[in-house]
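One structure is given below, encoded as structure tokens.
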Amino acid sequence: MKKTFIEDIAQRLRIIPNLDREHSSSESVDLRKYPDPENWHDHIELDANEWPKRVERRYSLVPTTCFNCESACGMLAYVDKESGQVAKFEGNPHHPGSRGRNCAKGPATINQINDTERILYPMKRVGKRGEGGWQRIYWDQALDEIAAKIRASLKTEAKDRVVYHVGRPGNEGYVERVLKAWGVDGHNSHTNICSAGARTGYSLWHKHDRPSPDHSNAKVILLTSSHLETGHYFNPHAQRILEGMMDGAKLIVIDPRLSNTASMADHWLPTWPGSESALFLAWAKMILERDLYDRDFVENWVNWEDWLEADYPDEPSTFERFIELLLEEYAEYTPEFAAAECRIPVEQVIEAGEAVANAGSRLSTHVWRSAAIGNLGGWQVARTLHLLNVLTGSVGTEGGTSPNSWSKFSPELFDEPPAPDGWNELHFPLEYTLSHYEMSHILPHLVKDGRGTMDVYFTRVFNPVWTYPDGFSWIGMLEDEESVGCHVALTPTWNETAFFADYVLPMGHASERHDINSYATSAGKWVAFRQPVLREYARREGREVEFTREVNPGEVWEEDEFWNELSWRIDDGTMGIREHFMSPYREGERITVDEYYQYTFERVPGLPEAAAAEGLDALGYMRKHGAFLIEEATYSKHEQEGWPTPSGKQELYSPTMVEFGYPEHAIPHYRIRSHVHPDNLQGEDEYCLLPNFRLPQHIHSRSANSKWLVEIGHRNPIWIHPKDSAKLGVAEGDLLKIETEIGWFVDKVWVTEGIKPGVVGCSHHIGRWRRAQDQGNRFLSNEVSIEDIGDGKKRMRTVSGVGPWESDDPDTNRVWWRDGGVHQNITHAVQPDPISGAHCWLQKVRLSRPSADEKYGDVEVDTEKSFEYYKRWNQMAKQRETHPRGERRPLWMKRPLSPKKEHWFIPE
Ligand code: SF4
């Protein structure tokens with residue numbers, strides 16, 4: 001039926017739901033607007049650059065996935081048939097997660113592959129590590145030399161001295177399999193500067209450690225994220241949030257900063273950082289008091305009886321008594337208490353709380369980074385947020401929030417080597433009993449503390465010198481050849497960490513590599529194929545390719561084939577490694593990358609049948625379409641599978657917390673005050689620095705070579721509320737000195753009401769640098785000098801900002817911006833949460849006017865102070881270290897690359 005004029009206006013104003021959309025058809029795309037896959041190898045388009053002439057261009061459209069964040073959105077590479085090169089990237093409408101849409105970072109892949117400063121050949125250092133001297137070598141030399149070092153390490157029987165440290169992951173088990181074949185407990189990740197806090201909170205409830213909100217079908221969307229794009233799933237979530245809102249959903253955003261998402265919200269709650277749990281518990285109390293909880297779900301799927309048995313053995317074990325006792329337990333969490341902690345009006349607590357309390361089973365919630373990775377005790381933000389889903393019965397429902405693993409496909413691999421026969425205490429030190437991931441951000445301090453060293457250290461698309469806190473401590477570790485025997489940087493671009501490597505090995509961007517992807521971006525389950533598009537183009541044209549590097553620019557390769565080749569060369573025939581790299585199809589021969597994916601895709605439920613219907617095999621289908629929808633929706637799986645916790649239920653009461661020495665956290669509470677709680681700040685002079693957000697068009701450190709993205713955003717000023725700028729006597733553009741616990745930096749002021757008074761903000765991805773002897777990233781990096789000024793103190797100063805330069809790309813000579821920002825992260829102290837192990841990003845800072853010789857971009861850090869500061873935080877974990885039954889950590893808790901079970905216990 002046609003809409004009336006009034007309905008049209010009302011719909012636009014979001015007074016009524018969207019009448020144009022069928023509710024349940026939100027996952028579909030109108031494919032008539034897109035080229036038909038049957039014609040993808042011969043697609044004709046008019047060349048826009050030739051307008052007004054009508055000049056036709058012929059393309060082969062090859063699907064792949066974006067590599068610029070975890071979402072792995074679908075892209076179509078337009079391979080120009082005349083040049084044989086990629087001309088542009090568009091969205092792949094057949095990808096179930098992104099449905100044809102990308103954020104700015106997807107199409108900007110074309111900048112990355114055409115970057116005139118990219119690394120095209122394997123490089124080996126000349127001179128001392130970090131001095132900046134490099135020579136080009138061939139892959140054979142790199143492989144042989146690195147293989148020899150790994151072989152020597154493995155022959156010592158050490159299981160923890162060959163390490164792979166991943167920044168951007170996304171190959172679903174490939175490398176874990178390789179590390180197992182080598183027999184090392186050598187997986188390290190960036191997770192505990194990212195999502196480990198929230199993961200701990202979720203896993204305490206139900207082992208699954210991430211949420212998957214069904215935004216499109218929600219009634220209320222509750223986001224506790226430092227803006228969508230700061231986390232992954234930016235584009236897939238953003239499009240579904242908009243659909244939910246068009247259907248009448250209310251959007252609630254909790255963030256001390258007015259993010260773009262907050263600016264679109266029905267309720268923006270600028271809570272004081274770290275107070276979020278107080279707010280959620282007040283809302284939980286509202287739900288309980290008003291009898292708005294889902295009795296059926298809570299009574300049947302929550303381990304409330306365990307709590308009563310443990311804490312109230314003399315009370316009747318009835319559900320009614322449980323609710324009364326829970327209300328008594330949460331009596332302190334009144335709206336007034338929450339308002340005082342959050343420093344927001346009580347009316348706002350009640351108004352938004354009523355929306356949440358009445359959402360029923362359609363409450364979609366999400367927390368990514370932000371508070372959960374910002375604060376001491378940040379893990380309880382996720383735990384108390386999930387409590388709202390549990391009480392409203394919106395766990396696993398349509399429009400609710402499901403565990404992410406329900407929507408994530410786990411590939412079946414052709415060969416599973418045995419679990420590592422050892423435990424890496426540099427990654428999982430004994431005192432961090434509940435750390436959900438590797439303690440990667442204190443690695444340099446653990447090494448400095450004499451707790452281990454590494455023979456061969458791979459950094460994979462990983463730039464801790466720049467992205468991590470306390471980067472000078474990373475430089476110190478990497479420069480010391482006793483600490484790191486050999487550092488191999490696998491990276492598509494130069495970065496601050498690669499400057500301190502022994503080998504820099506060029507790896508492909510999105511369209512230059514193989515990976516398998518599957519992420520919980522919506523209620524469905526899908527699998528996607530990142531493929532080297534020129535290799536697939538060659539195949540379509542009837543040309544044979546043995547290795548992906550044959551079609552990539554220069555000698556850029558990909559990790560998959562690199563690991564296979566390296567593994568083969570490590571084994572001298574006596575080590576049992578080669579047996580894990582044999583073809584499952586050709587007896588006695590080495591596996592190829594095509595066979596690896598063929599084996600996996602043949603085992604994706606429903607894929608071989610869908611392929612056969614088109615006269616293809618499973619690999620052929622994925623090469624052609626790039627993605628496959630395995631399940632439309634994955635709701636209510638617990639009804640068949642239960643919950644994978646010790647009790648088999650959602651654990652409101654955590655026996656694990658009690659056993660591992662934290663009985664005060666047996667149930668969700670607000671008992672830890674953040675290190676940046678107002679009580680912990682020294683009067684009016686100390687502020688909370690919010691550094692863990694970023695601009696939508698940037699990646700942590702791989703967008704500095706993308707001219708389009710950099711042109712949009714290239715500064716990171718200090719956000720400061722007008723009240724605070726008046727107090728400090730600074731105006732827009734003035735310089736401010738920001739002092740952390742271990743150093744200081746000088747930045748420019750941006751006065752804005754978009755930040756809470758008492759909090760200052762600085763975005764996370766700007767302030768890239770290179771020294772005179774370094775190369776790369778000139779669109780966004782300042783040239784700096786680094787000086788050792790004695791007693792462990794380091795000083796960085798900007799020598800020159802960004803400027804134009806001559807190259808094969810005329811755009812490099814048109815660079816008009818000069819400001820490359822300030823490297824703030826390097827002045828941050830490491831602050832490992834004693835429970836989750838996550839880095840607590842928020843920093844206590846003092847603000848002042850810089851002196852005359854302190855200039856914009858100046859940075860100073862005292863590395864001795866940073867080590868002492870680390871020790872203070874480390875002590876918090878040591879003081880509470882408890883190992884029931886000799887367990888290093890809970891046996892039921894997940895661990896990447898889990899070693900053999902006996903190593904989960906401390907040796908006698
Ligand atoms: S959200 Fe953007 S950066 Fe992330 S995968 Fe999608 S297109 Fe790429």
Side-chain angles (χ1 to χ4, degrees), residues 29 34 63-78 86 88-113 167-172 190 194-195 210 212-213 215-216 223 225-243 259-261 366 368-369 404 407-408 461 467 492-493 508-522 524 526-531 533 626-627 693-710 712-713 763-765:
V29 187
Y34 295 91
T64 189
T65 61
C66 179
F67 189 42
N68 283 337
C69 85
E70 191 192 70
S71 312
C73 294
M75 297 199 298
L76 285 181
Y78 279 58
V86 181
K88 63 172 177 174
F89 292 93
E90 301 273 359
N92 176 3
H94 296 271
H95 186 293
S98 56
R99 304 179 296 182
R101 300 162 212 174
N102 294 127
C103 79
K105 291 169 282 192
T109 301
I110 193 72
N111 295 165
Q112 296 173 313
I113 64 173
R168 164 73 10 255
N171 53 17
E172 300 310 313
H190 75 276
C194 177
S195 58
R210 289 170 69 172
S212 175
H215 292 314
S216 354
L223 304 179
S225 297
S226 40
H227 193 17
L228 281 176
E229 80 281 358
T230 288
H232 304 302
Y233 306 173
F234 165 32
N235 156 54
H237 273 187
Q239 52 181 276
R240 289 175 175 84
I241 288 170
L242 285 173
E243 285 170 2
S259 64
N260 294 359
T261 316
H366 202 220
W368 197 260
R369 301 210 176 102
N404 78 315
S407 288
K408 191 168 161 62
V461 195
T467 53
T493 56
H509 290 294
S511 55
E512 299 165 342
R513 54 188 298 116
H514 288 93
D515 287 310
I516 193 166
N517 314 124
S518 179
Y519 297 109
T521 53
S522 59
W526 52 263
V527 61
F529 191 30
R530 186 176 290 136
Q531 63 178 331
V533 301
F693 65 95
R694 63 185 192 208
L695 301 184
Q697 60 282 90
H698 277 292
I699 310 151
H700 289 295
S701 80
R702 276 180 305 127
S703 48
N705 61 347
S706 171
K707 59 191 180 189
W708 296 345
L709 301 178
V710 175
I712 302 170
S763 70
H764 179 68
H765 48 277

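Positions are given from 1, in the same order as the sequence printed here. What's counted below: heavy atoms across the whole structure, side chains too, no hydrogens, waters or symmetry copies. One-based numbering, in listed order, for ligands and for the atoms of each.
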If the condition is side-chain contact (heavy atoms from CB on, under 4.5 Å), which residues does P492 pass it with, not counting sequence neighbours?
V461, H509, R702
Which protein N, O or S atoms sit under 2.8 Å from atom 8 (Fe) of ligand 1?
C66 SG
State whether E70 and R210 are salt-bridged, where the test is any N-O pair (Lys NZ or Arg NE/NH1/NH2 against Asp/Glu carboxylate O) under 4.0 Å.
yes
Parallel, tilted or perpendicular: rings of H215 and H366 (30°, 60°)
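Because their plane-to-plane angle is over 60°, the rings of H366 and H215 count as perpendicular.
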So S703 and N68, do their side chains get closer than 4.5 Å, heavy atoms only?
no
Is there side-chain contact between F693 and S259, with at least one heavy-atom pair below 4.5 Å?
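F693 does not reach S259 side chain to side chain.
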Establish, yes or no, whether the cationic atom of R530 lies under 6.0 Å from the six-membered ring centre of F67 and within 45° of the ring axis.
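No, a cation-pi geometry is absent between R530 and F67.
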